[in-house]
Amino acid sequence: MDGITFEQWNENILKKPHFNEIIPLQNYKREKSSNVLVTAPAITFLQSLPLNSFNKPQATIGVLIDEDKMANLTQHIVDQYGGWTLVRDAQGEVIFSRGIEQAEAQRLAQRHGNDLNEVQPTADGRLLISIQSDQNGWSYMAGIPEEALMTNAARIKEVTLAFTLAALTIGLTVGLVLAYRNSAPVYKLLSAFREHISEPSDKRRNEYDFLASHIHHLIANNHSLENALNEQIPLLRDGFIKRLLTGEFYTTRELEAISSQTLISMHSSQGFTGLLKVNGYASLDSEEMIQELGVAKLMIRQTMTEWNADMLITDWGTDQIAFICPVTDMPLDPAIHHCEFELGRLREVIYQDYRISTTIGTGAAYEVWNDVGRSFDEAKQAMDYAIHMGGDQLVKFKDTLKENEMYYYPIESEQRLLNTIKAGEVEEALRILEQLFARNFEERELSYEMVQQFIMELKGTYLKLDESKLKHDHSFTEEYKHGVADIQVTDSIAALRGKFRRLTEEMCHQVLQKRSSTHADTVQDMERYIEKHYSDANLTICRISEHMGKSEKFISQLFKEHTGDHLSDYVERVRINAASGLLLESAQTIDEIAFATGYNSAHSFRRAFKRVRGISPSVFRKMDKQSG
């Protein structure tokens, strides 16, 4: 090393302990070739061995770090930006510098020795950047012209501005396209409004005011319609109760649907029915008598409602009131007995409070809502018996059986049996059949002639089911006729019951099979229509129902029953299948495929595709290309 003797080197370098010690930049002699020495500046790193030798080291490792190698690490600042760099040690001595005179470097190192870890401008139009190392205390300083930095900043600014303008242009274009597409239904709605509403051209308002005013009218009209419907609820309830009493409901689904519209609760499916007659008004020959009867019936209905709020009440004829009394207590027979006892007391209360004489006839209990008609038929028979016997009293249907030797087969029961079989409701039809056999062979002791007449009438009922309008298969028709003819009056009661049950089950099965075939054809027609028009964005369940000529609820429920899928899910699956084919076989863009398969936007198409396939359309197309 320059400026140091061998003795000094031996004493200070070799024998003295060193621990991660650094000698600042200093010239040393390096042998370039044989006996040719050159002077080169370098930093020396010293470490004594062994590492824990603090007083008497056995050896010292010296590592020389050439100035040129260190300077090359920051040379790009000089070459690229036209700046300068320098490194100073912890004592403020310059270790090396590039792009600056040595004297100037020393001055800057001394002047800015404390302004570390910051950026500040200098008088010559440069930015002075300095940072200090936490490892060795060295300071690294660089001076870069502001113009060099601003060149890149200006370029970034230009690129950012260009990208922002391009994004705004594309965004506005896409927004206009989507606005046009999404406003198309609104303009169709406007056209529909204008077709039905004549408005002078000179007074035509803008679209917003036009829609706002007419939508306001629609809402107002809807409220008026809703109020009108609410006013009709009492009439609907009265009509529902009358249909229930006459046994016009043959399926539970129809019964529940209409009861929900009339706000009548069907929580209890058992109870009994009855007729109440207001005595003394057989001949209404004056307006005063009619008004008096109306007031009497109103007070009786109010009294009955106060006694049992769940009771369903309706006028029946001129001077009679029909009622249905649901029973929630179990068991059924004691509950019916208690209600009949309370009805007797209620009849006495009506007479004591209003001096109105009444007669009540009740039918046997029903256990399902479809059996209310049978119970009411029995109530009418009980009322006829009470009128025949005379006096104001409460007569139960079972009290009339002792005096009745005629077979039981009212026209209402025959009509219900026919309608339930035609509807394919096998359980309900078998229940009505069992009731007829119980009424005639368990609760009555019919003569042989009455049994003959009952069986012949029942056979006639089953022959009505073989009418040509039902269009049964020829083989089934012949077999069915043979089955009816095989029923003989001389058969035992058990044999007769079994034969009629078998005929009922066979006819219901045939009806259901034929209906299933018809419904299957309807479902196939819907599927063909969907596959043909899936590309139409306006293809909705409403459009499909209009094409099929049936209600939306009917076709949705029918499709679900036959295929297990919701109709809307099937439409989406058909569209996605078509889109999948286009993605694999065509070069169309995803937006073009979305519009070609009936989607209003590419966004909704992507969501639907991922919902069905589990991946996005672009990934689906890439996977096919990679597998190919």
Side-chain angles (χ1 to χ4, degrees), residues 185 188-189 192 248-261 266 369-370 419-429 469-473 476 505 507-583 593-601 603-615 617 620:
K188 290 182 180 178
L189 183 63
E248 295 183 18
F249 296 107
Y250 310 114
T251 62
T252 305
R253 182 183 301 172
E254 180 187 9
L255 180 66
E256 293 176 349
I258 299 181
S259 67
S260 63
Q261 292 180 352
M266 309 295 288
W369 281 106
N370 290 337
N419 289 329
T420 51
I421 295 177
K422 290 178 182 179
E425 298 287 335
V426 60
E427 294 182 0
E428 180 65 15
K469 62 182 180 180
L470 296 179
K471 298 180 181 179
H472 296 300
D473 295 337
F476 174 79
E505 292 172 349
M507 180 58 75
C508 287
H509 177 73
Q510 178 70 11
V511 169
L512 292 177
Q513 191 175 24
K514 187 175 181 62
R515 182 188 300 169
S516 177
S517 176
T518 303
H519 288 173
D521 293 339
T522 303
V523 171
Q524 290 179 0
D525 289 342
M526 284 193 286
E527 291 176 345
R528 285 192 292 267
Y529 181 76
I530 292 169
E531 291 173 359
K532 184 178 180 181
H533 297 88
Y534 70 86
S535 59
D536 185 0
N538 295 320
L539 179 64
T540 60
I541 297 179
C542 179
R543 285 279 298 274
I544 298 172
S545 67
E546 290 177 356
H547 171 74
M548 302 303 299
K550 303 180 185 298
S551 67
E552 295 182 33
K553 185 176 182 180
F554 174 79
I555 64 171
S556 299
Q557 191 169 7
L558 178 64
F559 196 88
K560 175 68 175 177
E561 290 176 354
H562 278 258
T563 65
D565 290 336
H566 293 287
L567 185 55
S568 56
D569 293 341
Y570 178 78
V571 174
E572 183 174 83
R573 192 165 63 251
V574 169
R575 285 172 167 167
I576 296 302
N577 289 339
S580 300
L582 292 174
L583 286 169
I593 293 175
F595 297 139
T597 52
Y599 289 93
N600 287 321
S601 67
H603 177 68
S604 59
F605 167 66
R606 288 186 175 91
R607 290 180 58 188
F609 195 95
K610 190 169 186 179
R611 184 166 53 248
V612 175
R613 297 292 187 194
I615 57 177
F620 180 81

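When a residue number appears, it is its place in the shown sequence, counting from 1.
- Two residues are said to be in side-chain contact when any heavy atoms from C-beta on lie closer than 4.5 Å; Thr420 and Asn370 fail this criterion.
- Results of the side chain to side chain contact (heavy atoms under 4.5 Å, CB included) test with Leu567 over Val523, Thr540, Ile541 single out Ile541 as the only residue that passes.
- A parallel orientation is assigned to the rings of His547 and Tyr529, their planes being inclined by less than 30° (bins at 30° and 60°).
- For Glu546, the side chain to side chain donor-acceptor pair (under 3.5 Å) criterion is met by no residue, not counting sequence neighbours.
- Atom CD of residue Glu505 and atom CD of residue Glu427 lie 10.5 Å apart, to the nearest 0.5 angstrom.
- Atom CD1 of Ile530 and atom CZ of Phe559 lie 5.5 Å apart (nearest 0.5 Å).
- Contact check for Arg606 versus Tyr599: no side-chain heavy atoms found under the 4.5 Å cut-off.
- Between Ser580 and Phe620 the shortest heavy-atom distance is O-CE2, 3.8 Å.
- Here the side chain of Ser545 pairs a donor or acceptor atom with the backbone of Cys542 at under 3.5 angstrom.
- By the side chain to side chain donor-acceptor pair (under 3.5 Å) test, Asn600 is found to be paired with no residue, residues two or more places apart in sequence or in another chain being considered.
- Rounding to the nearest 0.5 Å gives a distance of 12.0 Å between CG of Asp525 and CD1 of Ile544.
- Distance check, rounded to the nearest 0.5 Å: CG of Leu558 to NZ of Lys550 gives 8.5 Å.
- By the 6.0 Å contact criterion, NZ on Lys560 is enclosed, its count of non-hydrogen atoms from other residues, nucleotides or ligands being greater than 12.
- Here the NE2-CD distance, from His562 to Gln557, works out to 10.5 Å after rounding to the nearest 0.5 Å.
- Heavy atoms only, all atoms of each residue included: Val511 and Gly424 are closest at CG1-N, 3.9 Å.
- For the pair Thr597 and Tyr534, the minimum side-chain heavy-atom distance is below 4.5 Å.
- Among residue pairs with one or both ends in residues 572-581, those qualifying as salt bridge (Lys or Arg N to Asp or Glu O under 4.0 Å) are Asp565-Arg573, Glu572-Arg611; sequence neighbours excluded.
- Closest approach of Ser535 to Ala596, counting heavy atoms only: CB-O, 3.1 Å.
- Atoms CD and NZ, on Gln510 and Lys514 in that order, are 7.5 Å from each other to the nearest 0.5 Å.
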Residue pair Asn577, Arg613: steps toward the side-chain contact (heavy atoms from CB on, under 4.5 Å) verdict: CA-CA 9 Å; Asn577 289 339; Arg613 297 292 187 194; 2.9 Å; yes
